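A short worksheet on the structure shown next.
What you are looking at is a predicted structure, and each value in this text was computed from that prediction instead of being measured.
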Amino acid sequence: MKHLVIFLTIICTLPQAVEAQFDIRSLFSDNNQQFIKNAVSKSIFTVQRSYQLQNIKSGERFGLNNAKQFGESATLGVRTSNGFILSDKAVRPWKYDPNYEGYRGDSAYEPVISISRYVFPNDSITSELPFKDLIIKPFKDSLYYSVTDTVFQNKGFTVDETAGDKKGWLVWMLESDSSDIVVSRSELTFKVEKQDYEVKAPQTDKEIVGGVFIIPSSEGAGRIDFLLCGIVSLQNGQWVLNRLIDPTGNSSKLTPITDDPSAKKAELTPIKDENDPVPAKKDKKKEKKEKKKK
């Protein structure tokens with residue numbers, strides 16, 4: 001029997017629609033791994049965020065051990081049709097930084113985001129990711145945040161919340177100069193009462209930033225969309241796929257960071273602008289003479 005060949009149009013991730021001839025069944029063949037990479041390459045990105053500690057009274061900022069930044073993180077960001085999704089580690093990187101332990105609950109300092117950028121897979125150019133006026137809604141007990149999109153114009157995955165057998169791909173983002181991705185075919189069964197599933201990460205020498213599980217969906221004659229079934233992140237040493245049930249639901253309060261009084265404080269490094277003038281040294285003898293004259 002001859003395979004049925006149709007025209008597929010990738011509509012969810014590319015800036016412009018791309019048409020190509022494909023056998024639907026061959027979409028899952030090894031030969032189409034690069035095709036899947038290209039199709040999702042603009043819907044996932046690496047979030048690079050750094051933070052400093054700021055003295056609440058003086059406003060002076062500090063880095064760590066002679067560095068300008070106190071800490072930094074690289075996490076996965078995902079574009080959706082309703083905005084984009086960030087992890088809690090991207091929103092509050094200090095919560096996962098052991099160097100910050102000694103400052104938890106310290107009323108004199110507060111952590112502030114100092115660098116916020118993103119980069120797409122296989123791209124060496126980073127762009128600014130605004131963070132000051134973002135409207136964010138936490139979900140999954142503040143493990144993730146749904147962000148109102150002012151950057152990507154809501155061009156991304158449609159979220160699939162249905163249960164059942166799903167045949168698709170686990171797409172993994174690797175931390176490197178060009179943020180590589182690895183694609184592997186996967187079949188998962190989702191249950192209504194279960195939202196979290198352990199998955200096996202690929203063998204790689206590079207650090208894994210995170211991943212997504214996507215499935216194809218036919219959208220009429222010759223059109224196909226990729227649906228987002230879940231986001232994968234490292235939790236307690238295990239890679240876990242979390243279903244995204246109602247990621248734009250009601251907002252909740254941020255989880256407070258508990259204080260650990262036994263933690264030791266790391267050494268702070270003041271952040272100074274190179275253009276700031278160097279303050280002149282005070283002449284104590286001259287000050288005494290001026291006071292006597294008065």
Side-chain angles (χ1 to χ4, degrees), residues 45-77 84-119 124-138 142-148 150-151 175 177 179 207 209 251-291 294:
F45 52 94
T46 297
V47 182
Q48 302 169 344
R49 301 191 102 182
S50 300
Y51 73 97
Q52 299 168 337
L53 291 193
Q54 179 173 276
N55 185 289
I56 295 177
K57 288 186 177 180
S58 68
E60 184 178 11
R61 292 191 177 189
F62 298 86
L64 176 66
N65 296 334
N66 299 316
K68 286 189 175 182
Q69 310 304 323
F70 190 92
E72 57 187 11
S73 67
T75 58
L76 182 71
F84 59 95
I85 297 173
L86 299 178
S87 69
D88 188 44
K89 189 175 181 180
V91 176
R92 302 184 291 180
W94 49 85
K95 181 181 175 182
Y96 304 86
D97 186 357
N99 290 321
Y100 182 69
E101 291 297 326
Y103 293 90
R104 295 192 193 280
D106 191 325
S107 59
Y109 300 95
E110 64 178 356
V112 291
I113 296 293
S114 51
I115 296 176
S116 181
R117 304 189 67 81
Y118 71 92
V119 59
S124 58
I125 300 176
T126 61
S127 302
E128 183 180 0
L129 182 66
F131 62 90
K132 288 186 178 180
D133 300 316
L134 291 179
I135 300 175
I136 62 175
K137 294 181 180 180
S142 296
L143 183 61
Y144 298 105
Y145 294 79
S146 176
V147 186
T148 300
T150 58
V151 181
E175 185 175 9
D177 294 336
S179 294
E207 184 175 348
V209 176
S251 60
S252 57
K253 294 181 179 179
L254 292 177
T255 304
I257 299 173
T258 56
D259 183 20
D260 182 0
S262 64
K264 295 182 179 180
K265 293 186 177 181
E267 181 182 349
L268 292 178
T269 301
I271 306 300
K272 295 182 179 180
D273 192 329
E274 295 179 355
N275 297 321
D276 287 345
V278 178
K281 293 183 178 180
K282 293 183 179 180
D283 190 335
K284 294 183 179 180
K285 292 183 179 180
K286 189 176 180 180
E287 287 181 352
K288 289 182 178 178
K289 289 181 179 180
E290 289 178 354
K291 286 182 180 180
K294 291 180 182 180

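- You'll find the side chain of Leu53 stays beyond 4.5 Å of the side chain of Trp94, heavy atoms only.
- Scored by the ring pair (Phe, Tyr, Trp, His ring centres under 6.0 Å) test, Tyr118 finds Phe45, Phe120, Phe152 as partners (sequence neighbours excluded).
- Interatomic distance, Arg92 CZ to Tyr145 OH, rounded to the nearest 0.5 Å: 4.0 Å.
- For the pair Leu86 and Val47, the minimum side-chain heavy-atom distance is below 4.5 Å.
- Here Ile115 pairs with Ser50, Gln69, Arg117 under the side-chain contact (heavy atoms from CB on, under 4.5 Å) rule; sequence neighbours left out.
- Put simply, OG1 on Thr46 and CG on Leu129 are 12.0 Å apart, with the number rounded to the nearest 0.5 Å.
- Note: Tyr51 and Phe70 have tilted aromatic rings, judged against thresholds of 30 and 60 degrees for the angle between ring planes.
- Summarising the geometry of Val209 relative to Leu76, their closest heavy-atom pair is CG1-N, 3.3 Å, with the distance given to 0.1 Å.
- The OG1 atom of Thr75 lies 10.0 Å from the CD atom of Glu175; values are rounded to the nearest 0.5 Å.
- Side-chain atoms of Gln52 come within 3.5 Å of backbone N or O of Lys68 as a donor-acceptor pair.
- Every residue two or more places apart in sequence or in another chain that forms a side chain to side chain donor-acceptor pair (under 3.5 Å) with Tyr144 is listed here: Ser233, Asn242.
- For Ser58, the side chain to side chain donor-acceptor pair (under 3.5 Å) partners at least two apart in sequence or on another chain are Asn55.
- Tyr96 is not listed as a side-chain neighbour of Ser73, based on a closest heavy-atom distance of 4.5 Å or more.
- Residues satisfying the side chain to side chain donor-acceptor pair (under 3.5 Å) criterion with Glu110, sequence neighbours excluded, are Gln54.
- Shown here are the side chain to side chain donor-acceptor pair (under 3.5 Å) partners of Ser116, two or more places apart in sequence or in another chain: Arg49.
- Nearest heavy-atom pair across Arg61 and Ile113 is NH1-O, 4.2 Å.
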